[in-house]
2 protein chains.
Amino acid sequence: MAIATPEGYRALGETTVTAFLAELPAIRGRLGGEPALWRVREVGDGNLNLVFLVEGPEGSVCVKQALPYVRLVGESWPLGLARARFEWEALRVQHRLAPERVPEPLYFDEQLYAIVMERLAPHIIMRKGMIAATVYPRFSEQIAEFLAHTLYFTSDLGMKAAEKKKLLELFAPNVELCKITEDLIFTDPYMEHERNRWTSPQLDDAARAIRTDLPLKRAVAWLKLKFLSEAQALIHGDLHTGSIMVTRDDTRVIDPEFAFFGPIGFDVGKLLGNLLMSYASQPGHEARPGERADYQEWILATVREVWNGFERRFLDLWRSRPEGDAFPTAHFSGPDGERALEAARRTFVRRIFTDSLGYAGTSMIRRTLGLAHNADMETIPDPDRRAACERRNLALARELVVEAEQFADIASVADRARIVARG
Amino acid sequence: MAIATPEGYRALGETTVTAFLAELPAIRGRLGGEPALWRVREVGDGNLNLVFLVEGPEGSVCVKQALPYVRLVGESWPLGLARARFEWEALRVQHRLAPERVPEPLYFDEQLYAIVMERLAPHIIMRKGMIAATVYPRFSEQIAEFLAHTLYFTSDLGMKAAEKKKLLELFAPNVELCKITEDLIFTDPYMEHERNRWTSPQLDDAARAIRTDLPLKRAVAWLKLKFLSEAQALIHGDLHTGSIMVTRDDTRVIDPEFAFFGPIGFDVGKLLGNLLMSYASQPGHEARPGERADYQEWILATVREVWNGFERRFLDLWRSRPEGDAFPTAHFSGPDGERALEAARRTFVRRIFTDSLGYAGTSMIRRTLGLAHNADMETIPDPDRRAACERRNLALARELVVEAEQFADIASVADRARIVARG
């Protein structure tokens, strides 16, 4: 049975996308030449959408169109088209706050639920690069910039309440995608659910153990509550290495369709969790033992630099641009006031750190025991080797969730990852 | 200069309100008889609105109309009419969740920004009753019911995320009234500001001291941040004894125009703070020393019963009606699971308790050193006696804010209030 869609909506194909773009003068000018000459390729490999790359003689664009169902599953799992509008709005906010870290948004079609944006080239999806053990030397500083700018300036520290609540109103209806996160990350993996899957029978015991792990489930329930109710900043909502495109010198964040006002630590943590999962997966990709040891160390250095870079930039923004309504500067004048405020800043980022470790852990668990898995692990063909990597990933994940408060700093997390990997 | 208002808006008077109601068949039927026979009185004594009581031969109604400025200050402080719509929407939600604790909402006029609702009689504003030392034996249980039901069922414990976020979207634009709270409660009293006032010169030193009290200002800044960003439940937003109408047997909550998604502790705390402020004010109303000692003890008993009753009902609702998305019951089955979940419930209400004490303290400070004062204190004619009461009120308030976490329970708060009162 076909899913009903709004009037005027039709899924684009490689030919119809040309006709669509040919009617947009600005896009037509950007591509150049006659539409008949444009080259179109459908390249969507995510879970939800169609993605077309369109090249003309003078330039290129990317067209991303929402489908009315979850592409990964099929028409049996319908999903509202409106998510494309949330993605468009989030893309515009993020592009304003971190213009060099996000593709330029060019046009949104309200009927087709299609976004036209800058085409990134020669960027690739970061996850693919990491599976191939590619080093991205500028990644940590650039993603820290994205995180700090988009999260600080949409929080009550960097944005006036009146403006923040306009955005809150705009993104509040994005419930369908939030619900996916609530279910797939915070709920399903901790109970029996038909959507769950894992490397079986190797991890059957681990999947069973997690369903009776009360300290873990309690900690996850608090993280879920915070995800539901803490409107801290406009978060990307799905910031894993599959939502990041890279070259050696450039980092861009794409796909903010899960955006809503949630906890800052969810973005930071999902990213850290995906990096740590890549770390755990590396031995599974070795042709000979130890071949990827250096690359693993680069990943751990990146984990440290992402957090430390984010923290430093976030604190610097708070010190230099206190433009929100929280922590009024007039209350903290003079040296004593500044010291008190600085202590509050440290407390605030420490809380984000703890949240981030918790959310990192939940991301690592859901990608091992839940519905959606990561290519980092899935591309390890031998199930025994894969399961061994996944088991170490789960062990670290549990510590991050249950013992988040015990980690002194990000270096301790990296050290712990190394120990768990050895053992 | 008159303030521009939307087309169709006009401030009602005692004659025009009759013409307005006469055109509403349901209201006309309720009042009965010929409109010419209806008796109308304007009784608004709050800070913001017009309030008319209309009596017909068969019944009566209350009409509340928003003015486009702050009535307390005048046209020099314009204020959006839209607040009437937020009040109407909040009234409907609260009436659905606690039908016996809220006047019945009857009609909303989109052009006049006027709410028609059940007229409460013979109720009086609770603050007036407390100034006259009137005991309300059913108040604590009834207000605890209002608090528990309205806050639990709009939180992620009692309401599905999709429904909660619809309400979040609806109330997000209520920024103007939130801003009043942010400024008048959390900001102005802690700095020099032309809007501040206090019993002078008696409290000049206290007003000065608070402006340099860094531990207090830091704690207040955290409370402000939580008010700005924690979308925990649909809160009333202005729950003081002037927003409650009572008889000996009945308690009703009115005036939810400040409603938005904020911290649960703000409602509970503002109420507790206003009760404690009434407690501190009682000696100022005594014709002979000690005359109100029994009444003061009734207030402290009420403080205890309000919190304990709220806590008990909130926990009972969580145990019996876990209808929200947080803390999935499927994760906590069996005796061990139930114990873990019960521990989480205790932690959750303890956090609300701590928040409530903080918000109680900020309410007590703002009504002593900020713009809007309470009749509890203002009706004490001798400024020396008034200042003595206010000084004790400030002393307790500071402890509640700075040492919220140190109070073991509400009985300790009541005990501490008694000790501070003795000087």
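All values below were derived from every heavy atom in this structure, side-chain atoms included, with hydrogens, water molecules and symmetry-related copies excluded. Labels below follow one simple rule: chain letters A, B, ... track the order of the sequence lines, proteins then strands, and each chain is numbered from 1.
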CZ-CG distance between B/Phe310 and B/Leu147, expressed to the nearest 0.5 angstrom: 6.0 Å
Check: B/Phe266 ring centre within less than 6.0 Å of B/Phe260 ring centre: no
Looking at B/Val220, B/Leu228, B/Leu225, B/Leu170, which one has more heavy-atom pairs under 4.5 Å with chain A than the rest? B/Leu228
What are the two closest non-hydrogen atoms of B/Gly262 and B/Ile235, and how far apart are they? O-CG2, 3.6 Å
All side-chain contact (heavy atoms from CB on, under 4.5 Å) counterparts of B/Ala82, not counting sequence neighbours: B/Phe86
Applying a strict 4.5 Å limit to non-hydrogen atoms, the region of B/Phe261 in contact with chain A is neither
N/O donor-acceptor pairs between chain A and chain B, cut-off 3.5 Å:
{"unit_1": "A/Thr187", "atom_1": "O", "unit_2": "B/His331", "atom_2": "NE2", "d": "2.9"}
{"unit_1": "A/Lys217", "atom_1": "NZ", "unit_2": "B/His331", "atom_2": "O", "d": "2.9"}
{"unit_1": "A/Lys224", "atom_1": "NZ", "unit_2": "B/Asp325", "atom_2": "O", "d": "2.7"}
{"unit_1": "A/Ser229", "atom_1": "O", "unit_2": "B/Ala231", "atom_2": "N", "d": "2.9"}
{"unit_1": "A/Ala231", "atom_1": "N", "unit_2": "B/Ser229", "atom_2": "O", "d": "2.9"}
{"unit_1": "A/Asp325", "atom_1": "O", "unit_2": "B/Lys224", "atom_2": "NZ", "d": "2.7"}
{"unit_1": "A/His331", "atom_1": "O", "unit_2": "B/Lys217", "atom_2": "NZ", "d": "2.8"}
{"unit_1": "A/His331", "atom_1": "NE2", "unit_2": "B/Thr187", "atom_2": "O", "d": "2.9"}

As an exercise: rank B/Ala162, B/Gly324, B/Pro215, B/Ala231 by heavy-atom pairs under 4.5 Å with chain A and give me the winner. B/Ala231
Show the nearest heavy-atom pair for residues A/Ala340 and A/Phe332, with the distance to one decimal. CB-CD2, 4.3 Å
Can you name the nearest heavy-atom pair linking B/Ala90 to B/Ala259, along with the distance? CB-CB, 3.5 Å
Show the nearest heavy-atom pair for residues A/Leu81 and A/Ala66, with the distance to one decimal. CD2-O, 3.4 Å
